[in-house]
Amino acid sequence: MATLNLSERLRIWEQLATQLALRLAEVPHLQAQHEALVARTTAIKFLQDERPRHQSALARTQEDLQMEVFHAGETYSALSESLRAFYGRRNKELVAFGLRPRRLTAKARAAIIEATAPNASAASTPPPAPAPPAPSAITP
């Protein structure tokens, strides 16, 4: 029965239940299982009849879900831009909100390093040469 589709299985199960109902007097110990099979096949038929209604409800639910996801994305974008505007795009406080601060460009980093280096212009010139030793007072 592994390769049979549901309608084929249902037909087989109903045939068994119908034939067993005619012979329940011969096999009374199978009455509980017969009733269970009849109840299950009835439930399957009911669910098959309900499937189109549920599918349309599922389609509506899927559309609603997609719209909510879209609106949530729009709201997230607006909030993240507002937080970046408030704190600044490079502020590390943005990490607490799950946002990544913008990195400095190489040019901006070099400007900051140059501005914060102690006596940046003196570092580029070589140190003065040591003074020659003083002539000694004793000459030979």
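We number each residue from 1, following the sequence as shown. What you see is a predicted model, and the numbers here were worked out from it, not measured in a lab.
Follow the hydrophobic side-chain contacts under 4.5 Å out from L6 and you reach L37 in the same cluster. In this structure, L99 is a member of the same hydrophobic cluster as F86, with clusters built from ILVMFWY side-chain heavy atoms closer than 4.5 Å.
Across all their heavy atoms, A17 and V38 have their closest contact at CB-CG2, 3.9 Å. Closest approach of L94 and L83 over heavy atoms only: CD2-O, 3.9 Å. Of all the heavy atoms in R90 and R103, the pair that sits closest is NE-O, 3.9 Å.
In this model, a donor atom of one side chain and an acceptor atom of the other lie less than 3.5 Å apart for E35 and Q31.
Separation of atoms CD1 (I12) and CG (L4) is listed at 5.0 Å; rounding is to 0.5 Å. Taking CZ of R40 as the reference point, atom CH2 of W13 lies at 10.0 Å (rounded to 0.5 Å).
Within a 6.0 Å radius of CD in Q15, other residues, nucleotides and ligands contribute 12 heavy atoms or fewer.
With contacts defined as side-chain heavy-atom distances shorter than 4.5 Å, the pair V69/L65 qualifies. The closest side-chain heavy-atom distance from R51 to H54 is not below 4.5 Å. P101 is not listed as a side-chain neighbour of N91, based on a closest heavy-atom distance of 4.5 Å or more. Two residues are said to be in side-chain contact when any heavy atoms from C-beta on lie closer than 4.5 Å; L10 and Q48 meet this criterion.
Applying the salt bridge (Lys or Arg N to Asp or Glu O under 4.0 Å) test to residues at least two apart or on different chains, the pairs with a partner in residues 10-32 are E14-K45.
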inquiry  = Determine whether I44 and L47 satisfy the following criterion, side chain to side chain contact (heavy atoms under 4.5 Å, CB included), listing intermediate values before the conclusion.
reply    = CA-CA 5 Å; I44 290 171; L47 291 173; 5.8 Å; no
request  = Please lay out, stage by stage, how E93 and R84 fare under the test salt bridge (charged side-chain N to carboxylate O under 4.0 Å, His left out).
outcome  = CA-CA 10 Å; E93 290 289 321; R84 285 184 175 105; over 6 Å; no
